[in-house]
There are 2 protein chains.
Amino acid sequence: MAGMERADAARNRARILEAAAQLFAERPAQDVTMDDIARKAGVGRGTLYRRYPDRASIAVALLDEHERALQERLLRGDPPLGPGAPPAERLAAFYAAMVRLLEDHSHLVLGSEVGRSRFETGAYGFWRAHVRALLVAARVPGPDALVEVLLAPLAPEVYGYQRAVLGLTPGQVTEALTRLTAALGPAPAAGASSAGMT
Amino acid sequence: MAGMERADAARNRARILEAAAQLFAERPAQDVTMDDIARKAGVGRGTLYRRYPDRASIAVALLDEHERALQERLLRGDPPLGPGAPPAERLAAFYAAMVRLLEDHSHLVLGSEVGRSRFETGAYGFWRAHVRALLVAARVPGPDALVEVLLAPLAPEVYGYQRAVLGLTPGQVTEALTRLTAALGPAPAAGASSAGMT
DNA sequence: GATTATGTGGACACGGTGTCCACTTTACTA
DNA sequence: TAGTAAAGTGGACACCGTGTCCACATAATC
């Protein structure tokens, strides 16, 4: 372990995170200044910058715990989210859960620079790996490029736009993704009637 | 017509656009300040702000002409992009063209706040309407939510990420989208063998 | 050539960011 | 328990970009 965190430091970290969560909840992340957070947390600017060099890193920290929880459920939770169910069902469950996550916390991401850095977060790679594994399990051919296409609507900016501007419901997004995935599948045996569009 | 534009004003507008195009090409839009643009264009700050209240509006102006050109081709160009070809082919052609457009000009959008405002641009609505119409023509059921999902990978941020970080080629993106769309289709008649994944 | 409206440009004030360093607190050691 | 080193803290500060404002210049109109 690389040195214990001092007690006061831990306390302040908690304060900062809590203050930031409140502020991000009540107005766009863009409009929350580092100063706001420091003041609300009862902490000096220097202290804030020591741990979190910018807004994005705070948002990521806040997001992290929620994402971890979902990852845990994907790996070891009950079906259909966890292992045990057929791939298509697990995918549908994943979409629903992911939409739920976005629904609850996308405000952390929208409007700050997190959108970009979030991709670098380990979490996004995790979702990708998960979906890819399910596609492979379902014998969908050429999963590599498909994964990205299937994940794109869950990019925070895109999702936020679909919800806020277009007025789509979370259910509609989930359903569209599920239907899309359901339409995929192993190349039909020669001669089998295909349902695809010509 | 709401008043002619003065000759000097027109000249300066052109200068500004040209300067901005050069600057955006050589470094991330984020890092180009309004001052940079004004200086390079040989124009005062006030003049710049008069027409373009922020970076985003400049980028949108630059993007506009390219987007209009593609719109024109979609409406009145030769098949498969224009009318005449079967919907699936037109969609594939559209994807390819759109990827090309992003390939050439996504740097205008990435990193500035355009990402957001771009959605409000008429252009995005146009793409949506186009794809939706093609889905309808192909008798794909429930096109409304699907359109968004199919367009999501073409959101500039997402596309840029797939290209830069993931290393996907333009061709891969196009192909994934095309395959996805091809898999869609009218609900198969009861009893017909489905190629979809279970 | 005079008048008016439109366009221009740079000075300015404001606000946020990130840095820096003297000070305080904690954890360790004798 | 006192002393010491390391870690943490907080606010003052300088920097930079933004957007506004207004005195001036230039083009269109009479």
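Below, chain A is the first sequence line, B the second, and so on; all start at residue 1.
- Each of Gly46(A) and Thr33(B) has a nearest nucleotide on DNA chain D; the 5'-most of these lies closest to Gly46(A).
- For residues 7-24 of chain B, proximity to DNA chain C is found at Asp8(B), Ala9(B), Asn12(B), defined as any non-hydrogen atom under 4.0 angstrom from a strand atom.
- Atom CG of Leu48(B) is separated from atom C1' of dT20(D) by 14 Å (rounded to the nearest Å).
- The CZ atom of Arg45(B) lies 4.5 Å from the CG atom of Asp35(B); values are rounded to the nearest 0.5 Å.
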Would you tabulate the nitrogen or oxygen pairs shorter than 3.5 Å linking the protein to nucleotides 5-7 of chain D?
{"residue": "dA7(D)", "atom": "N3", "partner": "Arg6(A)", "partner atom": "NH1", "Å": "2.7"}

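- Summarising the geometry, the separation between CZ on Arg51(A) and P on dG18(C) is reported as 17 Å, rounded to the nearest angstrom.
- Partners of Arg73(A) by side-chain hydrogen bond (donor to acceptor under 3.5 Å, both in side chains), not counting sequence neighbours: none found.
- With sequence neighbours excluded, no residue forms a salt bridge (charged side-chain N to carboxylate O under 4.0 Å, His left out) with Arg50(A).
- Taking only side-chain atoms of Thr47(B), from C-beta outward, the nucleotide of dG9(C), dT9(D), dT19(C) with the closest atom is dG9(C).
- Residue pairs meeting the ring pair (Phe, Tyr, Trp, His ring centres under 6.0 Å) criterion with at least one partner in residues 15-61 of chain A, sequence neighbours excluded, do not occur; the list is empty.
- Under the side-chain hydrogen bond (donor to acceptor under 3.5 Å, both in side chains) criterion, Arg15(B) pairs with no residue, sequence neighbours left out.
- For the segment residues 34-45 of chain B, residues with any heavy atom less than 4.0 angstrom from an atom of DNA chain C are, sorted by number, Val43(B), Gly44(B), Arg45(B).
- Atom OH of Tyr49(B) and atom P of dA11(C) are 16 Å apart (whole Å).
- The list of ring pair (Phe, Tyr, Trp, His ring centres under 6.0 Å) pairs with a residue in residues 68-92 of chain B, not counting sequence neighbours, is empty.
- Residue pairs satisfying the ring pair (Phe, Tyr, Trp, His ring centres under 6.0 Å) criterion with at least one member in residues 131-153 of chain B, sequence neighbours excluded, are absent.
- Heavy atoms only, all atoms of each residue included: Leu146(A) and Pro141(A) are closest at CD1-O, 3.9 Å.
- Under the side-chain hydrogen bond (donor to acceptor under 3.5 Å, both in side chains) criterion, Asp36(B) pairs with Arg27(B), Thr33(B), not counting sequence neighbours.
- The list of ring pair (Phe, Tyr, Trp, His ring centres under 6.0 Å) pairs with a residue in residues 57-80 of chain B, not counting sequence neighbours, reads His66(B)-His105(B).
- With sequence neighbours left out, the side-chain hydrogen bond (donor to acceptor under 3.5 Å, both in side chains) criterion links His130(A) to no other residue.
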